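All of these numbers come straight from a predicted model, not from anything done at the bench. Just so it is clear, the values below take in all heavy atoms, side chains as well, and ignore hydrogens, waters and symmetry mates.
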Amino acid sequence: MIDPKAALVTSSELKPKFRTGTSSDEPTVDDRFDSSGEQKTGSSDNSMRLRDTGLHSRESSVAELVDVVVIGMGPGGEFVAGELLDRGLKVVAIESELMGGECADWGCVPTKMMVRAANLLAEAGRVNGVAGSASVTGDWTPVARRIREEATKNWNDGEAIAAFEKKGGRFVRGDARLVGVSEIAINLWESESGAMGKEVAVSPVLHEIAVGGIRFTPRIGVVFATGGKSSAPDILGLADLPYWTNRDVVQLVDLPRSLVILGGGAIAVELGQILARFGVSVTIVEVADRLLASEEPEAGAMLEKIFRAERIKVITGATVDRVTHIEKVFELDLGVRGLVRADRLLVATGRQPDLRHLGVEIIGVDPTSSHLETDENMRVAPGIWAVGDVTGRGSFTHVATYQAHIAVADILGEPIQGADYHAVPRVVYTDPEIGSVGMSEESARAQGFKVRIGLAPIPKEARGWIHKVGNDGLIKLVEDYDRGVLVGALSIGPCGGEVLALLTLAVHAEVSTSTLKSMLYAYPTFHRAVETALSDLH
């Protein structure tokens with residue numbers, strides 16, 4: 001553990017031998033970098049409106065000594081960097097794209113603005129027969145304007161960088177890479193935990209980070225918070241086509257007439273419903289046998305029924321043989337199931353971390369791995385921590401910031417409970433919202449639990465009946481019968497994500513179902529359906 005109050009080591013004390021490969025005989029350097037680890041000219045340019053920090057033009061053959069280098073400034077990286085700055089450490093933050101990351105600029109925040117707008121249209125359409133009559137016409141212009149002006153500052157992170165630098169941090173734009181690690185790092189490697197010795201005041205392992213022509217040696221360590229990238233399936237013809245990702249949809253000013261979405265996960269169903277409510281003809285093509293294949297089957301079945309009622313075409317269990325783009329029309333060949341055509345194609349088949357250009361082979365990590373493996377304190381290796389999507393624990397902002405709290409405490413040598421993922425909440429922001437926590441019924445049975453389930457359809461509950469139109473929903477509980485505790489839950493409904501809070505607490509704290517049954521549930525609320533589901537456990 002590190003004592004942040006320990007005296008800084010002077011540069012004259014730090015003269016380690018650095019290795020630049022997986023072995024001393026055969027250095028491994030990415031082809032975007034020369035043998036010194038500096039980025040070659042002509043590497044890919046970033047087309048976004050990125051503030052020029054003026055740092056990537058500086059070149060130095062001598063590494064600058066700092067306390068911590070944070071690579072990636074999404075929610076997890078921002079939290080780590082900000083907290084360590086507040087504790088007086090010298091922090092360098094390196095980001096190749098926008099400070100704020102996927103969530104702030106292309107994910108959570110702007111897409112929920114889109115969800116809010118689309119849901120307002122749907123609610124206006126539900127007035128008839130309940131509160132009179134109403135007619136509404138969707139207009140994407142104010143949605144696009146709000147995303148640019150309120151959420152993303154037109155994808156300019158200048159204000160965020162200025163605030164970070166005002167706190168005392170140093171921001172560098174560029175692609176960072178581990179280019180050196182002292183020999184002592186190899187000697188101190190602990191395969192089980194990668195932990196540093198608790199008795200030392202500074203890291204016994206010294207790393208060297210290169211970003212453009214600048215190099216840093218952090219005396220404490222490096223935190224990887226590099227997130228993930230959109231991934232596309234290997235389908236004949238797809239790679240070379242101008243398909244969209246979620247980023248393209250978020251930046252839309254004008255909507256297409258028709259859209260086919262490849263994928264049936266959270267991003268696909270959220271964006272599909274949003275655009276359909278603004279008049280786009282939407283078709284969702286999913287290779288799995290249902291939408292939201294990683295969630296309870298009841299969720300996908302209910303959502304598909306709702307989508308069909310909203311004139312969203314859903315094709316599940318599909319095989320896509322080929323994708324073409326001819327005369328501005330995309331065409332998906334589904335074999336015996338025919339052809340699907342649309343003006344635009346959105347590929348929403350997930351996001352994956354990419355370790356290939358981070359130099360992690362230097363610390364013994366296979367750069368083709370799917371993620372960085374961490375221990376419960378978020379350590380990857382001596383002097384290396386990781387938080388967020390890159391750890392493979394899901395693309396959730398709340399997971400990234402949860403891990404960031406733990407990493408900060410470990411860096412500072414403060415006590416904190418290690419990471420525990422048995423009660424990770426997740427919400428799909430469709431209408432109705434679909435919230436889940438813990439294990440599904442299938443996964444619980446697969447792990448050998450003696451399972452009981454309880455169900456409570458929302459339309460049959462008092463609040464659901466009162467709500468009337470738009471009241472689709474369900475509570476599903478998964479109980480470990482032997483211990484008498486919930487190990488998983490599903491909450492679908494108009495406030496499904498909010499009701500999930502109660503169930504997340506129950507799973508996290510392992511509250512007994514007998515205790516949950518003895519609780520008072522306010523009437524008439526949506527969360528009162530949990531009481532009904534508890535009574536239905538069987």
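- Side chains of N471 and R463: no donor on one and acceptor on the other come within 3.5 Å.
- A heavy-atom distance below 4.5 Å is not found between the side chains of L372 and T391.
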TODO: Apply side chain to side chain donor-acceptor pair (under 3.5 Å) to the pair R351 and S230, showing each step before the final yes or no.
DONE: CA-CA 4 Å; R351 298 179 60 80; S230 296; 3.2 Å; yes
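- Between H467 and F526, the distance from one ring center to the other falls under 6.0 angstrom.
- Partners of E296 under the side-chain hydrogen bond (donor to acceptor under 3.5 Å, both in side chains) rule, at least two apart in sequence or in another chain, are K476.
- Residues V530 and L516 form no side-chain contact, since every pair of their non-hydrogen atoms from C-beta on lies 4.5 Å or further apart.
- The two atoms that bring L490 and S436 nearest to each other are CD1-OG, 3.5 Å, heavy atoms only.
- Inspection of the Q352 and S370 side chains reveals no N or O donor paired with an N or O acceptor under 3.5 Å.
- The two atoms that bring D157 and M99 nearest to each other are OD2-N, 2.9 Å, heavy atoms only.
- Using a 4.5 Å heavy-atom cutoff, the side chains of V70 and I94 are not in contact.
- For the pair L271 and I267, the minimum side-chain heavy-atom distance is below 4.5 Å.
- Scanning all heavy atoms of the two residues, the minimum distance from P233 to T349 falls at CD-OG1, 3.3 Å.
- For the residue pair T316 / E286, no side-chain donor-acceptor distance below 3.5 Å is found, with atom types taken as modelled.
- A distance-only check finds a donor-acceptor pair linking the side chain of T430 to the backbone of P432 [under 3.5 Å].
- At a cut-off of 3.5 Å, with distance as the only test, a side-chain donor of Y421 or Q403 sits close to an acceptor on the other residue.
- Atom NE2 of H405 has 12 or fewer neighbouring heavy atoms from other residues, nucleotides or ligands inside a 6.0 Å radius.
- In this structure, the side chains of D321 and L334 stay at 4.5 Å or more apart for every pair of heavy atoms.
- Counting heavy atoms from C-beta outward, V249 and T111 have side chains that stay 4.5 Å or more apart.
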- [ ] Give the C-alpha distance, both sets of side-chain angles, the deciding distance and a yes or no for side-chain contact (heavy atoms from CB on, under 4.5 Å) between R126 and V130.
- [x] CA-CA 7 Å; R126 291 165 179 163; V130 178; over 6 Å; no
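- For the residue pair T532/E461, the side-chain donor-acceptor check at 3.5 Å is satisfied.
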